[in-house]
> 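Would you mind keeping the following structure in view while I ask a few things?
Residue numbers run from 1 in the order of the sequence given. Values below: every heavy atom of this structure, side chains too, minus hydrogens, waters and symmetry copies.
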Amino acid sequence: MRRRRGHAALASLVSAVLLTVAATGCGTALQDLGPLPPRHSGPALSADAVVSEMTSVLAAEGITVARQPSDGLGRCTERLMGRHAPETAGSALEAAFARARSEHGWQAGPDLGGGTLTLTKGNWTVLTSRPSPEAAQGIQAPVVMSLTCLDPGSSTAPDSP
């Protein structure tokens, strides 16, 4: 019985020492370092600038898109929609994304898999999916590109749809 009490006392003493060491050792790691940096680097880009850049990059690869009205919910989102030949739509989108990276400074975005292409630049993320090459005879494949602002407070999205 005494042995058990002795082991319990020793275990609680060791636990107290470890807790004290951990608390004093981690105290400096918990200091306030100020506000977090912005989620993007560089100046905030306007919606018009991003839409213009992506439209020209797509046009250089033969994809014509039109800007769709914004939803006006206070978030800066844009949508570009168009159609392209299904046999070459996927490769044209890949070439357009490569052109955006090499000529306009866009960076590869997160890998979402499933044929999704993403780019990031400043406070914007661009997302599109490769169209299926198995479209019906004579029907062009839809091309839909979503542009989302990461920090709506610092972008100038258009006021009217």
> Quick one: closest heavy-atom pair of Asp48 and Arg67, and the distance?
OD1-NH1, 2.8 Å
> What pair of heavy atoms forms the shortest contact from Ala89 to Ala141, and how long is it?
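For Ala89 versus Ala141, the nearest heavy atoms are CB-CB, 4.5 Å.
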> Would you kindly say whether Trp106 and Glu53 are connected by a side-chain donor-acceptor distance under 3.5 Å?
yes
> Quick check: closest heavy atoms across Arg130 and Glu94, and the distance to 0.1 Å?
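Closest heavy-atom pair between Arg130 and Glu94: NE-OE2, 2.5 Å.
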> Would you compute the distance between atom CE of Met54 and atom CG of Leu147 and round it to the nearest 0.5 angstrom?
6.5 Å
> Is a donor on one side and an acceptor on the other found under 3.5 Å between the side chain of Trp124 and the backbone of Leu45?
yes
> Please report the shortest heavy-atom distance between Ser129 and Thr116, naming the atom on each side.
OG-OG1, 3.8 Å
> Mark yes or no for whether Ser102, through its side chain, and Ala98, through its backbone, hold a donor-acceptor pair below 3.5 Å.
yes
> To the nearest 0.5 Å, what is the distance between CZ (Phe97) and CG (Leu117)?
5.0 Å
> Is a side-chain donor or acceptor of Thr118 paired with a backbone partner of Pro110 at a separation under 3.5 angstrom?
yes
> Give, for atom CG of Leu93 and atom CD1 of Ile63, the distance between the pair rounded to the nearest 0.5 Å.
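Between atom CG of Leu93 and atom CD1 of Ile63 there are 4.0 Å.
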> I need the Asn123 CG to Cys149 SG distance, nearest 0.5 Å.
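That separation rounds to 4.0 Å.
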> Looking at CG of Leu119 and CZ of Arg101, how far apart are the two atoms once the value is rounded to the nearest 0.5 Å?
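Those atoms lie 6.0 Å apart.
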> Do side-chain atoms of His84 reach the backbone of Gly62 as a donor and acceptor pair under 3.5 angstrom?
yes
> Check for a donor-acceptor pair, side chain of Thr55 on one end and backbone N or O of Val51 on the other, with a separation under 3.5 Å.
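It does hold such a pair.
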> Donor-acceptor pair, distance only, cut-off 3.5 Å: does the side chain of Arg83 make one with the backbone of Gln140?
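Such a contact is found between Arg83 side chain and Gln140 backbone.
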> Please confirm whether the backbone N or O of Val144 pairs with a side-chain atom of Thr128, one donor and one acceptor, at under 3.5 Å?
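Yes; at least one donor-acceptor contact below 3.5 Å.
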